[in-house]
Participant: 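After the structure tokens below, expect a handful of questions from me.
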Amino acid sequence: MNSAALQHIIIAGGGSAGWMTAAMLASQLQGNVRITLVESDDIGTIGVGEATIPPIKRFNAMLGIAENDFLARCNGSIKLGIQFENWGAVGERYFHQFGRFAADFDYIPFPYFYLKARLDGMNTPIEQFSAAWQLASRNKFVPPNNDPRSLFSGYDYAYHFDAGRYARFLRDYATARSVVRTEGKIASVQQHAHNGFISQLVLDDGRVISGDFFIDCTGLRSVLLGQTLGVGFTDWGDYLLNDSAVAMQTSADPTLRPYTRSIAHHAGWQWRIPLQTRTGNGNVFSSRFMSDDEATSLLQRSVEGKALTEPRLIRFNTGHRKQFWQKNCVAIGLSAGFLEPLESTSLHLIQRAIMRLVSLFPSAVCAQEDIDEYNATTQLEYEQIRDFIVLHYHATARDDSPYWQYCKQMAIPDSLQQKLALFKRHGHLRIEDKELFKQDSWLAVLLGQNILPAAAAPITHVKTELDIGRTLQAMQRHLADTAATLTGHEQYLMQHCRFIAD
Ligand SMILES: Cc1cc2nc3c(=O)[nH]c(=O)nc-3n(C[C@H](O)[C@H](O)[C@H](O)COP(=O)(O)OP(=O)(O)OC[C@H]3O[C@@H](n4cnc5c(N)ncnc54)[C@H](O)[C@@H]3O)c2cc1C
């Protein structure tokens, strides 16, 4: 290592963000840099964050974690997508599947031909062409196969799990790889007089923890980046109205569904996340349109099963810190920003932040070029996900409450406006290379919420030799017939990764 190499990284905070960061840094740095994590049992963690998206599999795999061991220890289940209920219109539902729809036609994406058939009068919902939905709707699960010619190779999956158990699982992993855990409450943060870099954390019992690089994982408090370095917040509350949630756990649903449910109501939506031995429930709402009491009572009235915990209120702001990295401090997790949990993207943003930090790994000097690159790419990532989430609220026929009337009419980001305008012509979607949600995800939500282009893509008119209707019918039949023969989700979990309580 050169003389400017980092010697000691301090991670402040031990929620999912803190322990995911500690585990990955321990694995990547292999003992070459000291790592200390400070967390406070008195303050605790946010205690939600139980639905994920497929890239988490890669994160765990990079740590060398065996999937079945992880699922068994974290009360995990499989997630093939999200069922959205009452979003496009009250009484309607659609599925945002993980992975791709059925096979492309001669290298031309499947959605173009599907849209042509839809515009010509076929009314089969697009989810019928998704292996993920064919499995999910029957409560089935098998991992995708490796044969690229198979219609059961292109779908994907993620997990539901107990967030507290995941953090403990990663804590065991990290501390076994020389990360030092310190319990205590950070009372103040000291900075070097000459450059404002953070120098040490002072705990409320007087202990001092010094380091040369600090990762702020202190959750919504943002003790280091927000409170100490004074980095401001970009608020997206005008696009995404929800600022509150009530969460509670209930006993397990009799049917262990391999998908999350997102059920819209007149001032927000409710989640239902099935774990092996319990269900996570929450009501995400806007305090401008619903009181805390009403939100709590709505949640209590609509959950199924026996209540295992009291309802817990959580407040949040939607948006992000104006910089994610300043001086020798990077914020990861809720301390960096928050986009409401509609598409379960927060743990993913944590994972991306960690990997970006690893690839731009700083010296003790912290080069401004690295900081600028980190901040620009992180901000773009937040904006792209924001647009996808805003789409769910804006592309709706609902106007049955002041909340939905606002959403329908609100000004949306230019980037989303442009995407929608392009789609509405011929069904093209402009997706950037590293954008998280790809064409098939956008299409699931657009069509699920009844947004169709004016005309089919011109290429579909030229390819006249294809019998689109017959091909689509054959695909759908094959998907449905095969899915019906596959293993049930619960049976899969019981066979491979039954929950082990510790
Ligand atoms: C309603 C809701 C639902 C969500 N659902 C999902 C979901 O389904 N999927 C998903 O991916 N994400 C979800 N999230 C986001 C997810 O919960 C968080 O991104 C994730 O848990 C990471 O949180 P964190 O570690 O940043 O913060 P926290 O869990 O709040 O942890 C903060 C840590 O900092 C410590 N700390 C704070 N201050 C101090 C101090 N002064 N001294 C010492 N320690 C301190 C705390 O003790 C704690 O250890 C949801 C969030 C909300 C609000």
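For clarity, every value in this text was computed on a predicted model and none was experimentally measured. Each ligand, and each atom within it, is numbered from 1 in the order the structure gives. As a basis for the values below, the full set of heavy atoms in this structure was taken, side chains included, without hydrogen atoms, waters or symmetry mates.
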Participant: Give the residue and atom name of whichever protein heavy atom lies nearest to atom 17 (O) of ligand 1, and the separation in Å to one decimal.
Facilitator: V48 O, 2.8 Å

Participant: Given T345, T218, L224, identify the one with the heavy atom nearest to atom 37 (C) of ligand 1.
Facilitator: T218

Participant: Does the side chain of Q323 pick up a donor-acceptor pair with the side chain of Y374 at under 3.5 Å?
Facilitator: no

Participant: So is I350 polar-close to ligand 1, meaning N/O to N/O under 3.5 Å?
Facilitator: no

Participant: For ligand 1, is A247 a contact, meaning one of its heavy atoms is under 4.0 Å away?
Facilitator: no

Participant: Do G14 and ligand 1 have an N or O pair less than 3.5 Å apart?
Facilitator: yes

Participant: Sub-3.5 Å donor-acceptor pair from the side chain of K57 to the main-chain atoms of Y157, do we have one?
Facilitator: yes

Participant: What is the nearest protein non-hydrogen atom to atom 1 (C) of ligand 1, stated with its residue, atom name and distance?
Facilitator: A245 CB, 3.5 Å

Participant: Would L334 count as a polar contact of ligand 1, with the cut-off being nitrogen or oxygen pairs under 3.5 Å?
Facilitator: yes

Participant: Numbering the atoms of ligand 1 from 1, which are under 4.0 Å from a heavy atom of G333?
Facilitator: 26 (O)

Participant: Between G18 and ligand 1, is there a nitrogen or oxygen pair with a distance under 3.5 Å?
Facilitator: no

Participant: Within a reach of under 6.0 Å around CZ of R498, are more than 12 heavy atoms found that belong to other residues, nucleotides or ligands?
Facilitator: no

Participant: Counting only N and O atoms by type, is there a donor-acceptor contact under 3.5 Å from the side chain of S40 to the main-chain atoms of K185?
Facilitator: no

Participant: So is F338 polar-close to ligand 1, meaning N/O to N/O under 3.5 Å?
Facilitator: no

Participant: Do ligand 1 and P341 have nitrogen or oxygen atoms that lie under 3.5 Å from each other?
Facilitator: no

Participant: Given G13, G44, G15, which one has a non-hydrogen atom that is nearest to atom 46 (C) of ligand 1?
Facilitator: G44

Participant: So, E294 versus H266: side-chain donor-acceptor pair below 3.5 Å or not?
Facilitator: yes

Participant: With no hydrogens and no angle check, just 3.5 Å: does a side-chain donor-acceptor pair link Q270 and N283?
Facilitator: no

Participant: Can a donor-acceptor pair be found, under 3.5 Å and without considering hydrogens, that links the side chain of N75 to the backbone of L275?
Facilitator: no

Participant: Tell me, which protein residue and heavy-atom name are nearest atom 29 (O) of ligand 1, and how many Å apart are they?
Facilitator: I46 N, 3.0 Å

Participant: Give a yes or no on whether the backbone of A395 and the side-chain of Q449 come within a donor-acceptor separation of less than 3.5 Å.
Facilitator: yes

Participant: Can any side-chain N or O of H348 pair as donor or acceptor with the backbone N or O of I53 at less than 3.5 Å?
Facilitator: no

Participant: Could you check which of A17, A12, G184, S16 puts a non-hydrogen atom nearest to atom 43 (C) of ligand 1?
Facilitator: G184

Participant: Is there at least one pair of N or O atoms, one from F316 and one from ligand 1, spaced under 3.5 Å apart?
Facilitator: no

Participant: Give the residue, atom name and distance (to 0.1 Å) of the protein heavy atom nearest atom 12 (N) of ligand 1.
Facilitator: S346 CB, 3.2 Å

Participant: Quick one: does G282 get a heavy atom under 4.0 Å from ligand 1?
Facilitator: no

Participant: What protein heavy atom is closest to atom 41 (N) of ligand 1, reported as residue, atom name and distance in Å?
Facilitator: I186 O, 3.3 Å

Participant: Go through the side-chain N and O atoms of S199 and H192 and say whether any donor and acceptor fall under 3.5 Å apart.
Facilitator: no

Participant: Show the atoms of ligand 1 that are less than 4.0 angstrom away from any heavy atom in R221.
Facilitator: 38 (N)

Participant: Return yes if a side-chain donor-acceptor contact under 3.5 Å exists between R356 and T377, otherwise no.
Facilitator: yes

Participant: Report the nearest protein non-hydrogen atom to atom 32 (C) of ligand 1: residue, atom name, distance rounded to 0.1 Å.
Facilitator: C217 O, 3.4 Å

Participant: Is it the case that the ring center of W269 lies less than 6.0 angstrom away from the ring center of H392?
Facilitator: no

Participant: Quick one: are Q83 and R93 in side-chain contact, heavy atoms under 4.5 Å?
Facilitator: yes

Participant: Testing the basics here: between T260 and A51, what is the closest heavy-atom pair and its distance to 0.1 Å?
Facilitator: OG1-CB, 3.9 Å

Participant: I'd like to check whether V223 has a polar contact with ligand 1, where a contact means an N/O of the residue lying under 3.5 Å from an N/O of the ligand.
Facilitator: no

Participant: Just to be sure I read this right, does ligand 1 sit under 4.0 Å from the backbone of E50, its side chain, both, or neither, counting only heavy atoms?
Facilitator: backbone

Participant: Taking distance alone, with no angle check, do S40 and ligand 1 share an N/O pair under 3.5 Å?
Facilitator: yes

Participant: To check your reading of the model: name the closest protein heavy atom to atom 8 (O) of ligand 1, its residue, and the distance in Å.
Facilitator: A51 N, 3.2 Å

Participant: Please answer whether the main-chain N or O of I263 pairs with a side-chain N or O of N86 as donor and acceptor at a distance below 3.5 Å.
Facilitator: no

Participant: Looking at atom 39 (C) of ligand 1, what's its closest protein heavy atom, distance included?
Facilitator: I43 CD1, 3.3 Å

Participant: Under 4.0 Å, heavy atoms only, figure out whether ligand 1 is touched by the backbone of A163, its side chain, both or neither.
Facilitator: neither

